[in-house]
Amino acid sequence: MYTQAMDTGPQEARQAVRSAEEAALETRFEARIDEGGFIEAKDWMPEHYRKTLLRQISQHAHSEWVGMLPEGNWVTRAPTLKRKCILLAKVQDEAGHALYLYAAAETLGSSREQMIDALHSGRAKYSSIFNYPTLSWADVGVIGWLVDGAAIMNQVPLTRCSYAPYARAMVRVCREESFHQRQGFDSLLAMMQHGSDAQRAMVQDAVDRWWWPSLMMFGPPDGESVHGAQSARWGIKRISNDDLRQKFVDACVPQAQVLGVTLPDAALKWNEARGHHDFGVIDWAEFWRVVGGHGECNRERLAARVKAWEDGAWVRDAALAHARKQAAREQAAKDQAAKEPVA
Ligand code: BYC
């Protein structure tokens, strides 16, 4: 009993010093956030901030990674060489985005393997939008116009995210997403202006299927956003889910007019008093079904990623073996140089 009492004293004192230090670090962190400053990977951060970022950035990386699949489905069937080259470049860009984002998430203490394992086992989320099928060539154009358009709307504010490695990755991602959005719009415009009636109908059908899922990309309504308020407080999210969704609807309406397509929402109309478009009710039951793993393509998407990972094992093994040989060679050269007498 006495021994325990004697141990507890210094331990308690150490804990008190640690929590005083932590409180000071937290005050400094909060002050930096309040000033609109950035947090770097080596800076002190609260555990909850680190976990929130790791969740969002890894989900974002998984979205890019899985997001290659719906469009990749059309690489071999693109209608012209020009469109095939553009699509190939775009899909490769998505792989690049995933890599920048996995690298940014790694700075928060998770390994690539842990993140990939969370995706493959179904523990990690990725964007709901990629669980819908790409049924026609027009879907590729609509993904560029609407899906990349929604992604840009969401990601431009992330270039000012308080976590600097994420913000820096987003600058480059957004530049590339702009090209993605433009190529989609251009492809649809070509079909609408120079295509046949059947091609115009194909574009309208794709818009009908992708419009509502694109609105769901921004996440649940603000009142149901679990992380929204805290992420806004920390400067991770600069604009709320609903505000981004509204900006997106307002941007798409004139673009749809230029294209000559109808957005599939009878309630969509300009509201002079609000200075925004009103729009219909989103089917949130569908959103949660898809997020919960029961969308049309959830199983297929995960199976494709797992298969690619397993098929690629020999490439990872070969790269590691090569790196090991190279390191051994460099070490041998260093050892040899150390043995040689100095002239
Ligand atoms: N899908 O509290 P909330 C691309 C989850 S890829 C699935 O509002 P938060 C592209 C949410 O994770 C671009 N799940 O969350 C690639 C949370 O669940 P957990 C993808 C969703 O994080 C290839 C719960 O619902 N972009 O552009 O504050 C080809 C409650 O939500 C979704 C990004 O990832 C969803 N749509 O806000 C073409 C952007 N929405 O984690 C294009 C970065 C919500 O508690 N991410 N959930 O289990 C973000 O900005 C935010 O994470 C979100 C959600 C706005 C998505």
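Read the numbers this way: they start at 1 and go in the same order the structure lists the ligands and their atoms.
- Heavy-atom separations between Glu71 and ligand 1 include at least one value shorter than 4.0 Å.
- Remark: ligand 1 atoms within the under-4.0 Å shell around heavy atoms of Tyr126 are 1 (N), 7 (C).
- Side-chain contact, Tyr166 with Thr107: no donor N or O sits under 3.5 Å from an acceptor N or O.
- A salt bridge links Asp205 with Arg209: the closest approach of a Lys/Arg side-chain nitrogen to an acidic carboxylate oxygen falls below 4.0 angstrom.
- When non-hydrogen atoms are compared, ligand 1 lies under 4.0 Å from the side chain of Asp148 (C-beta onward) but not from its backbone.
- Remark: ligand 1 and His227 share an N or O pair separated by less than 3.5 Å (distance only, no angle test).
- Looking at Ser128, Ser58, Gly219, Ala124 and measuring to atom 35 (C) of ligand 1, the nearest heavy atom belongs to Ser128.
- Scanning all protein heavy atoms for the shortest distance to atom 39 (C) of ligand 1 gives Asn154 OD1, 3.0 Å.
- Ring-plane geometry between Phe248 and Trp211 is classed as parallel, the angle between the planes falling under 30 degrees on a 0 to 90 degree scale with a further cut at 60.
- Taking a 6.0 Å sphere around CZ of Arg233, one finds it holds more than 12 heavy atoms contributed by other residues, nucleotides or ligands.
- Side-chain atoms of Asn271 and His276 include no donor-acceptor pair closer than 3.5 Å.
- Looking at every heavy atom in both residues, His180 comes nearest to Gln183 through O-NE2, 3.0 Å.
- Closest heavy-atom approach to atom 44 (C) of ligand 1 among the candidates Pro220, Ser63, Gly144: Pro220.
- Under the 3.5 Å distance criterion, with hydrogens and angles disregarded, a donor-acceptor pair is assigned to the side chains of Glu272 and Trp270.
- In terms of N/O distances under 3.5 Å, ligand 1 is approached by Arg55.
- Taking both residues in full, the closest heavy atoms of Leu99 and Arg112 are given as CD2-NH1, 3.5 Å, listed atom of the first, atom of the second, then distance.
- Counting the atoms of ligand 1 from 1 in the order shown, those under 4.0 Å from a heavy atom of Gly67 are 23 (C), 29 (C).
- At a heavy-atom distance under 4.0 Å, only side-chain atoms of Phe287, from C-beta outward, approach ligand 1.
- Within the 4.0 Å heavy-atom cutoff, Trp65 does not count among the residues contacting ligand 1.
- Using a 4.0 Å heavy-atom cutoff, His97 is absent from the residues neighbouring ligand 1.
- Of all the heavy atoms of Glu94, the ones lying under 4.0 Å from any atom of ligand 1 belong exclusively to the side chain.
- One finds a salt bridge joining Arg168 and Glu40 here, because a Lys/Arg side-chain nitrogen approaches an Asp/Glu carboxylate oxygen to under 4.0 Å.
- Here Ile129 has no heavy atoms under 4.0 Å from ligand 1, in either its backbone or its side chain.
- At a 4.0 Å heavy-atom cut-off, ligand 1 touches Phe218 through the backbone alone.
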Below 3.5 Å, can you tabulate the donor-acceptor pairs from side chains in residues 63-71 to any protein atom, sequence neighbours excluded?
| from | atom 1 | to | atom 2 | distance (Å) |
| --- | --- | --- | --- | --- |
| Ser63 | OG | Gln59 | O | 2.8 |
| Ser63 | OG | Ser127 | N | 2.9 |
| Glu64 | OE1 | His97 | ND1 | 3.4 |
| Glu71 | OE1 | Lys90 | NZ | 2.8 |
| Glu71 | OE2 | Lys90 | NZ | 2.9 |

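- Using a 4.0 angstrom heavy-atom cutoff, Ser127 counts as in contact with ligand 1.
- Here the heavy atom of the protein found nearest to atom 5 (C) of ligand 1 is Lys125 CD, 4.0 Å.
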Are Gln246 and Asp242 close enough, and set up right, to give a side-chain hydrogen bond (donor to acceptor under 3.5 Å, both in side chains), and what steps lead you there?
CA-CA 6 Å; Gln246 181 69 66; Asp242 284 334; over 6 Å; no
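- The number of heavy-atom neighbours closer than 6.0 Å to CZ of Arg77, taken from other residues, nucleotides and ligands shown, is above 12.
- For atom 27 (O) of ligand 1, the nearest protein heavy atom (residue, atom name, distance) is Ala151 CB, 3.0 Å.
- For the residue pair Gln155 / His60, a side-chain donor-acceptor distance below 3.5 Å is found, with atom types taken as modelled.
- In this structure, Arg83 is not positioned above the aromatic face of Trp74 in the sense of NZ or CZ being under 6.0 Å from the six-membered ring centre and within 45° of the axis.
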Determine, stepwise, if the pair Arg274 / Asp278 fulfils salt bridge (charged side-chain N to carboxylate O under 4.0 Å, His left out).
CA-CA 9 Å; Arg274 289 202 310 122; Asp278 289 337; 2.9 Å; yes
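- At least one heavy atom of Glu177 sits under 4.0 Å from some atom of ligand 1.
- At a 3.5 angstrom cut-off on N or O pairs, Tyr166 does not count as close to ligand 1.
- Contact annotation for Ser231 and ligand 1: no heavy atom of the residue comes within less than 4.0 Å of the ligand.
- Less than 4.0 angstrom separates some heavy atom of Trp288 from each of these atoms of ligand 1: 25 (O).
- Atom 28 (O) of ligand 1 has Lys237 NZ, 2.6 Å as its closest protein atom, hydrogens excluded (heavy atom only).
- Neither the backbone nor the side chain of Val290 comes within contact range of ligand 1; no heavy atom lies under 4.0 Å.
- With ligand atoms numbered from 1 in the order given, ligand 1 contributes 13 (C), 26 (N), 27 (O) to contacts under 4.0 Å with heavy atoms of Gln155.
- Counted by atom type alone, Tyr132 and Asp139 present zero donor-acceptor pairs between their side chains at under 3.5 Å.
- Among Arg245, Gln59, Gln230, Gln56, the residue whose heavy atom lies closest to atom 12 (O) of ligand 1 is Gln59.
- When heavy-atom distances to ligand 1 are checked against a 4.0 Å cut-off, Val291 comes that close only through its side chain, counted from C-beta outward.
- If you check which protein heavy atom lies closest to atom 3 (P) of ligand 1, you get Ser225 OG, 3.4 Å.
- Distance check on atom 23 (C) of ligand 1: some protein heavy atom falls below the 4.0 Å cut-off.
- Contact annotation: for Met216 versus ligand 1, heavy atoms closer than 4.0 Å belong to the backbone alone.
- For atom 10 (C) of ligand 1, the closest non-hydrogen atom on the protein side is Phe130 CZ, 3.4 Å.
- Under the ring pair (Phe, Tyr, Trp, His ring centres under 6.0 Å) test applied with His62, the options Tyr126, Tyr102, Phe130 reduce to a single match, Tyr102.
- Here Met217 has backbone heavy atoms under 4.0 Å from ligand 1, and that is the only part of it that gets that close.
- Each of Ile143, Leu146, Val142 was compared with Ser214 under the side chain to side chain contact (heavy atoms under 4.5 Å, CB included) criterion, and only Leu146 meets it.
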